[in-house]
Amino acid sequence: SFHGSKSDSAEFKSLLSKTRNVVFLTGAGCSAESGIPTFRGAGGLWRKYKATELATLDAFNTNPSLVWEFYSYRREVVLTKKPNDAHHAIAEFEKRMVKEGREVHVITQNVDGLHQTAGSKNVIELHGSLFKTRCVKCGKIEENRQSPIVPALAGKGEPQLDAVDAKIPVEELPRCSQPGCDSLVRPHVVWFGEALEYKVLEKTDEVLEACDMCLLIGTSSVVYPAAGFAPSLADRGVPVAEFNLEETPATGAFRFHFHGPAGQTLPPILL
Ligand code: BJW
């Protein structure tokens, strides 16, 4: 079966040792062992909603209080979490590669910032960040790690099914700090139906173009455009290794597949 040949770590390590430019593509599974719920697994529900029902501009326009409760909850969760062995192994690997004049980039779909906390230097955040806001009016982007983000959200955003919506007046939700603006701000993340930032995509193209090896960690490979990146590399002949608890719609396209939690499968291969 494919497990035999696709999970040959000696062969993978030998290829890896000859690379000049390695890219890690990461998804929610990379942060799962830090205790951050994935989107499509168990734990992907907040109250009665799928995370993916709240991650839309429609939901925000209809009920900004509800969507801010959801994001405020996730900010507070992440603020209590630390990078895990997968994040650390990636950051250590980068340090070693750089010393040898080789390059490493991380292209992440995650919005939790844990790669940066672990020490990764070249991180592209495809879907934005929980710790940035963007003004709906003037577009100003601000970094913000306050807890709670505004007083009105203190103790709100409880995830359980019977929690009551806080119905926070829009004036008390996070607002823009630009003098004279003071409009509502939104999380600086990419929702369904929204385009990824042009500059981010441009940089991503550059990095993918230059890489000679790809490790795909903890993503279900269903959300585009990110889901298409590793299959395109594989088409170009770049070796791709998938690290996941399960097979995905993209598994068949890849040379390697390592089954299991990334915090356990990655360190022995990288360190
Ligand atoms: C482990 C593990 C462990 C667990 N170790 N592994 C082409 C075809 C079809 C549809 C489309 C298409 N192009 C666009 C679309 C529409 C849509 C889309 O892709 N829909 C599909 C679902 C069908 N895409 C979009 O809307 C994108 N926009 C776009 O294309 O715009 C076009 C446009 C152009 C010009 C003008 C206007 C528009 C935007 C997508 C944005 C996605 N945003 C979210 C929310 C971000 C903010 C937030 O966090 O709230 O991003 S959705 C959510 O999914 C989040 C994630 O980054 C993303 C991916 O999820 P991920 O990371 O893969 O997580 P999971 O939970 O799905 O999987 C976890 C995996 O880990 C599993 O496989 C586990 O087995 C594994 N795992 N523990 C190893 N310990």
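Below, each value reflects all heavy atoms present in this structure, side chains not excepted, and no hydrogens, waters or symmetry copies. Start at 1 and go down the list; that is how both ligands and their atoms are numbered.
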Is atom 16 (C) of ligand 1 near the protein, in the sense that some protein heavy atom lies at less than 4.0 Å from it?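 No, there is no protein heavy atom closer to it than 4.0 Å.
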Stepwise, does the side chain to side chain contact (heavy atoms under 4.5 Å, CB included) test hold for E142 with S177? CA-CA 9 Å; E142 295 179 72; S177 73; 2.7 Å; yes
Check the side chains of S220 and T248 for a donor-acceptor pair under 3.5 angstrom, ignoring hydrogens and angles.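 There is no such pair (donor and acceptor under 3.5 Å, judged by atom type) between the side chains of T248 and S220.
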Would you please say whether a donor-acceptor pair under 3.5 Å links the side chains of E76 and S147?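 E76 vs S147: donor-acceptor pair found between side chains.
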Atoms of ligand 1, numbered as shown, that sit under 4.0 Å from any heavy atom of [X]:
{"X": "P261", "value": "3 (C), 5 (N), 80 (N)"}
{"X": "W191", "value": "39 (C), 41 (C)"}
{"X": "V111", "value": "49 (O)"}
{"X": "E194", "value": "27 (C), 28 (N), 29 (C), 31 (O), 38 (C), 39 (C)"}
{"X": "V222", "value": "19 (O), 21 (C), 22 (C), 23 (C)"}

For [atom], grab the closest protein heavy atom and report residue, atom and distance to one decimal in Å.
{"atom": "atom 56 (C) of ligand 1", "value": "F39 CE1, 3.6 Å"}
{"atom": "atom 26 (O) of ligand 1", "value": "G193 N, 2.7 Å"}
{"atom": "atom 5 (N) of ligand 1", "value": "A262 N, 2.9 Å"}
{"atom": "atom 20 (N) of ligand 1", "value": "F192 CE2, 4.0 Å"}
{"atom": "atom 43 (N) of ligand 1", "value": "V190 O, 2.8 Å"}
{"atom": "atom 72 (C) of ligand 1", "value": "E246 OE2, 3.8 Å"}
{"atom": "atom 36 (C) of ligand 1", "value": "A195 CB, 3.7 Å"}
{"atom": "atom 57 (O) of ligand 1", "value": "H127 ND1, 2.8 Å"}

Record the part of [X] in heavy-atom contact with ligand 1 below 4.0 Å; permitted values are side chain, backbone, both and neither.
{"X": "I217", "answer": "neither"}
{"X": "V189", "answer": "side chain"}
{"X": "E33", "answer": "side chain"}
{"X": "T219", "answer": "both"}
{"X": "A32", "answer": "side chain"}

Would a hydrophobic clustering, with Ile, Leu, Val, Met, Phe, Trp and Tyr connected at side-chain separations under 4.5 Å, put [X] with [Y]?
{"X": "V136", "Y": "F192", "answer": "no"}
{"X": "Y71", "Y": "F39", "answer": "no"}
{"X": "Y73", "Y": "F60", "answer": "yes"}

Return the option from [options] holding the heavy atom at the smallest distance from [atom].
{"atom": "atom 73 (O) of ligand 1", "options": "N244, T265, L266", "answer": "N244"}
{"atom": "atom 48 (C) of ligand 1", "options": "R40, R74, H259", "answer": "R74"}
{"atom": "atom 69 (C) of ligand 1", "options": "G218, S221, G27", "answer": "G218"}
{"atom": "atom 3 (C) of ligand 1", "options": "A28, G29, S34", "answer": "G29"}
{"atom": "atom 30 (O) of ligand 1", "options": "F258, Y224, F243", "answer": "Y224"}

Linking Ile, Leu, Val, Met, Phe, Trp and Tyr through side-chain heavy atoms less than 4.5 Å apart, which residues share a cluster with V104?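 Besides V104, the hydrophobic cluster comprises F12, L15, L16, V22, F24, I90, F93, M97, V106, V123, M213, L215, I217, F243, F256, F258, L266, I269, L270, L271, listed by chain and residue number.
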Nearest heavy atoms of A195 and V190, plus distance in Å: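 Minimum heavy-atom contact is O-CG1, 4.0 Å.
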Judged by non-hydrogen atoms, does G260 sit under 4.0 Å from ligand 1?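 In this structure, G260 qualifies as a contact of ligand 1 - some heavy atom is under 4.0 Å.
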Can L245 be said to touch ligand 1, with heavy atoms closer than 4.0 Å?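 The answer is yes, since L245 has a heavy atom less than 4.0 Å from ligand 1.
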Honestly, is R186 close enough over W191, meaning NZ or CZ under 6.0 Å from the six-membered ring centre and within 45° of the axis?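 Judged by the rule, R186 and W191 form a cation-pi pair.
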Check the pair H259, S7 against side-chain hydrogen bond (donor to acceptor under 3.5 Å, both in side chains), reporting the backbone distance first and the verdict last. CA-CA 8 Å; H259 252 284; S7 58; over 6 Å; no
Going by the rule side chain to side chain contact (heavy atoms under 4.5 Å, CB included), which residues pair with D182 if we only count those two or more places apart in sequence or in a different chain?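 Result, side chain to side chain contact (heavy atoms under 4.5 Å, CB included) vs D182: R175.
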Member of E125, K132, H127, R134 meeting the side-chain hydrogen bond (donor to acceptor under 3.5 Å, both in side chains) criterion with H188: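 Of the listed residues E125, K132, H127, R134, the side-chain hydrogen bond (donor to acceptor under 3.5 Å, both in side chains) partner of H188 is R134.
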Can you confirm whether K140 is buried at NZ, in the sense that more than 12 heavy atoms of other residues, nucleotides or ligands lie under 6.0 Å from that atom?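 Yes - once you tally the heavy atoms of other residues, nucleotides and ligands closer than 6.0 Å, there are more than 12.
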Between N144 and T133, does a side-chain hydrogen bond (donor to acceptor under 3.5 Å, both in side chains) hold up when you go through it step by step? CA-CA 7 Å; N144 183 319; T133 59; 5.6 Å; no
For side-chain hydrogen bond (donor to acceptor under 3.5 Å, both in side chains), just list the numbers for S14 and K18, CA-CA rounded to whole Å, side-chain angles, deciding distance to a tenth of an Å, and then say yes or no. CA-CA 7 Å; S14 147; K18 294 170 196 119; 3.0 Å; yes
